[in-house]
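To start, the structure itself, in C-alpha cells.
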Amino acid sequence: MNDNASQRSDEQAFRVAYLVAGYIRKKLTPAEHDELDQWVEASDENMRLFEELTDEKNIAANLQWMDEVRVKEQLKKAKEGLVFAKPKRRTKLLGYAIAASVILIAATVLVQQLGKDQQVKGEEMTAAHILPATPRVTLRLSDGIEINLSARGKGAIKEYASNIGDGVIAYDDVNVIEVIMHELSTATGGQYQVQLSDGTKVWLNASTKLTYPAVFNGKERAVALSGEAYFEVAKDKDRPFIVMMNKGDEVRVLGTHFNIQTYSDEPVAEVTLTEGRIAVNQGSLQKLMMPGDIALLQDRQIEIFRESDTHAKIAWKNNLFVFRDADITAIMRQVKRWYDVDIKYEGIPNDKFTATINRKEPLSKLLHLLELTGKIQFDIKDKVIHVHQ
C-alpha cells in the first residue's frame, strides 16, 4: 500500500472515530449525524462496530486500557497487522479490517480527549435483556386448519403450498377453477416471506396478516393486508395486482416494488414506492405514485411527498431498525410489535430521534442508544417499558 493510500485510510479511520466519539458525547451537528448514519448503514460490519464502540462497558474498558499503554505505539502495531481492502461501495468509508483495529483505538483516544468530565455512566439497565419475541408464523388453509410454519420443516403442505425453508413458503402456478383462500400471519418478533402463484414475492413484517388465493385464477390478482409488507409484484399487464388495506384503501399495480404499512394502531397508513408506478385509491379518490414517493392515507385523504432516501421505510425487511427524526411514540410502537412488551408513558418529549440498530439485538441496547441522546429515559419492569423525560 502506498503512502497516499495509507494516509487516506488513516484520515477515514480517524474521521469515523471522531463521529463515533461525538455521538457518545452528544456533540454531533445534524450534518455529522447524517454522515455517521451513512457509514453505519453502509455494511453489517460497520453496524456491529458502531454497536461495540457505543457500548458503555466497552468504552469504560478501553479508557482503562489507554491509561496503561502508549497510544502511538499501539496504533502502529495495529496498522502493521492490517490487510487493507478497497471498499466495495462508494458509501463505505473504510474496510472492515481498518475499522476493526484503527477505529477502536482512535475512538478511545478521542473519547478521552473530549473530556472525562462527561464520561458515559457505566450503569447497567435494571432489567435483564429482552430479546425479540419468539416468532410464530401461522398458515390458515381454506378448510380452517392452521399450520405452524415456524415448527415445520421443508416440504409440500397442502393446496399447492410448499415450505421451501429459510422462512419462505411458495405456491405452484396451476390451472384451477375453484377459489382457495389462504391466510398467512406473523406474530410479534417475526417476519416471513411468501411467493404467490404468479411469482409475486411478499415479505411480511411482525404482527401482519396477508389473505390471498392459493392460485390466482381471475382477471385480477387481489390480496388483503393488515400490518406491514413489502411487495415485489410479478409483471402481468392483463391482470392488475391489487392490495386491499384497512378502511377500504387499496393499491393497484401491474408489476412493481413497494412497501405498505397499515397497522391498526398507527395513525396513518403509508405506501412507499421504490420501483415502477402504482395507483393509490381511497374510495373515488385516486393518486398516482412515482419511485421515491411516500403516500399517507388518513381521514379519506391521500398526501404524497417525495423522499430521496426510502431506506428507513423498508429497513425492517433487512432486519434493521432505522429511525430518522422519529418521535418516541412511533419508535415505541415498533418496539412493542417486535419485543412483545407494553409501553407506559410518564412523559413524552417533543424531540425527534435518529438511530440504527440490528433487530436481533436485545431491547436494552436499542433503549441505551436512545438514552445516549439525553432526551429520554426508560425503566423496565415485568416487560413493561416506562418512558419518561
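Bear in mind the structure is a predicted one, so any value in this text is a computation, not a measurement.
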Quick check against the 3.5 Å criterion: does Thr272 have a side-chain atom that pairs as donor or acceptor with the backbone of Asn259?
no
Rounded to the nearest 0.5 Å, what separates atom CZ in Phe378 from atom CD1 in Ile343?
8.5 Å
Name all residues meeting the salt bridge (Lys or Arg N to Asp or Glu O under 4.0 Å) criterion together with Glu232; count only those two or more places apart in sequence or in a different chain, and write none if there are none.
none
For Val215 and Asp172, the nearest pair of non-hydrogen atoms, with its separation, is CG2-O, 4.0 Å
Please give me the minimum heavy-atom distance between Val280 and Ala295, naming the atom from each residue.
CG2-CB, 4.4 Å
Closest non-hydrogen contact found for Gly189 with Ala206 is N-CB, 3.8 Å
So which heavy atom on Pro362 is nearest to which on Leu131, and how close?
CB-CD2, 3.8 Å
Under a 3.5 Å threshold, yes or no: a donor from one side chain and an acceptor from the other, between Trp338 and Asn205?
no
How would you list, by chain and number, every residue that makes a side-chain contact (heavy atoms from CB on, under 4.5 Å) with Lys219, sequence neighbours excluded?
none
Using 0.5 Å steps for rounding, measure from the CH2 atom of Trp203 to the CD1 atom of Ile314.
10.0 Å
Once you round to the nearest 0.5 Å, how far does CG of Leu139 lie from CD1 of Ile145?
10.5 Å
If you take all heavy atoms of Asn319 and Asn358, which pair is closest and at what distance?
O-OD1, 3.4 Å
Output all residues satisfying side-chain hydrogen bond (donor to acceptor under 3.5 Å, both in side chains) with Gln195, sequence neighbours left out; order by chain, then residue number.
none
Can you tell me if Thr188 uses its side chain to pair, donor with acceptor, with the backbone of Tyr339 under 3.5 Å?
no
Going by side-chain heavy atoms closer than 4.5 Å, which hydrophobic residues are tied to Met244, directly or by a chain of links?
Ile242
Is it the case that over 12 heavy atoms from other parts of the model lie below 6.0 angstrom from the CG atom of Asn350?
no
Using a 3.5 Å distance criterion without hydrogens, assess whether the side chain of Asp236 forms a donor-acceptor pair with backbone atoms of Asp238.
yes
Expected output: side-chain Arg221 to main-chain Asp198 donor-acceptor under 3.5 Å
no
Taking NZ in Lys235 as the centre, count heavy atoms belonging to other residues, nucleotides or ligands within less than 6.0 Å. Is the count above 12?
no
Before you tell me yes or no, could you show the steps for Leu370 and Lys375 under side-chain contact (heavy atoms from CB on, under 4.5 Å), namely the whole-Å CA-CA distance, both residues' side-chain angles and the distance that decides it to 0.1 Å?
CA-CA 8 Å; Leu370 297 175; Lys375 302 173 182 177; over 6 Å; no
Determine yes or no for a side-chain-to-main-chain donor-acceptor pair under 3.5 angstrom, with Thr310 supplying the side chain and Thr274 the backbone.
no
So is Arg359 actually on top of Phe321's ring, under 6.0 Å and inside 45° of the axis?
yes
Side-chain (Gln193) to main-chain (Lys201) donor-acceptor, under 3.5 angstrom
no
Residues at least two apart in sequence or cross-chain that pass salt bridge (Lys or Arg N to Asp or Glu O under 4.0 Å) with Arg140, listed by chain then number, are Glu146
Those residues that, when tested against Asn246, pass side-chain hydrogen bond (donor to acceptor under 3.5 Å, both in side chains) (two or more places apart):
Thr262
Please give the remaining members of the hydrophobic cluster of Met181, linking ILVMFWY side chains under 4.5 Å, ordered by chain and number.
Val179
With sequence neighbours left out, which residue pairs that include part of residues 281-296 fulfil the salt bridge (Lys or Arg N to Asp or Glu O under 4.0 Å) condition?
Asp293-Arg306
Under the side-chain hydrogen bond (donor to acceptor under 3.5 Å, both in side chains) test, which residues partner Gln301, sequence neighbours left out?
none
Test log, rule salt bridge (charged side-chain N to carboxylate O under 4.0 Å, His left out), inputs Lys344 and Glu346
CA-CA 7 Å; Lys344 300 293 184 183; Glu346 299 171 9; over 6 Å; no
Taking atom CZ as the centre, does Arg277 end up with more than 12 heavy-atom neighbours from other residues, nucleotides or ligands that are less than 6.0 angstrom away?
no
Which ring pair (Phe, Tyr, Trp, His ring centres under 6.0 Å) pairs, counting each pair once, include a residue from residues 254-274, with sequence neighbours left out?
Phe231-Phe258
Using distance only, find each side-chain donor-acceptor pair of residues 155-164 under 3.5 Å and give its atom names and separation, not counting sequence neighbours.
{"from": "Lys158", "atom 1": "NZ", "to": "Asp143", "atom 2": "OD2", "distance (Å)": "2.8"}
{"from": "Glu159", "atom 1": "OE1", "to": "Ser142", "atom 2": "N", "distance (Å)": "3.4"}
{"from": "Glu159", "atom 1": "OE1", "to": "Ser142", "atom 2": "OG", "distance (Å)": "3.3"}
{"from": "Glu159", "atom 1": "OE1", "to": "His182", "atom 2": "NE2", "distance (Å)": "2.5"}
{"from": "Glu159", "atom 1": "OE2", "to": "Ser142", "atom 2": "OG", "distance (Å)": "2.4"}
{"from": "Asn163", "atom 1": "OD1", "to": "Gly165", "atom 2": "N", "distance (Å)": "3.1"}
{"from": "Asn163", "atom 1": "ND2", "to": "Arg152", "atom 2": "O", "distance (Å)": "3.2"}
{"from": "Asn163", "atom 1": "ND2", "to": "Gly153", "atom 2": "O", "distance (Å)": "3.4"}

Mind checking the CD1-OH spacing from Ile180 to Tyr171? Nearest 0.5 Å is all I need.
10.0 Å
Qualifying salt bridge (Lys or Arg N to Asp or Glu O under 4.0 Å) pairs with a residue from residues 332-342, counting only residues at least two apart or across chains
Asp265-Arg337, Glu266-Arg333, Glu266-Arg337
Between Ser226 (side chain) and Lys209 (backbone), is there a donor-acceptor pair under 3.5 Å?
no
Backbone N or O of Ser185 within a donor-acceptor pair of the Arg136 side chain at under 3.5 Å?
no
Working to the nearest 0.5 angstrom, can you tell me the gap between Asp351 CG and Asp325 CG?
11.0 Å
Taken to the nearest 0.5 Å, the spacing of Ile278 CD1 from Leu288 CG works out to 9.5 Å
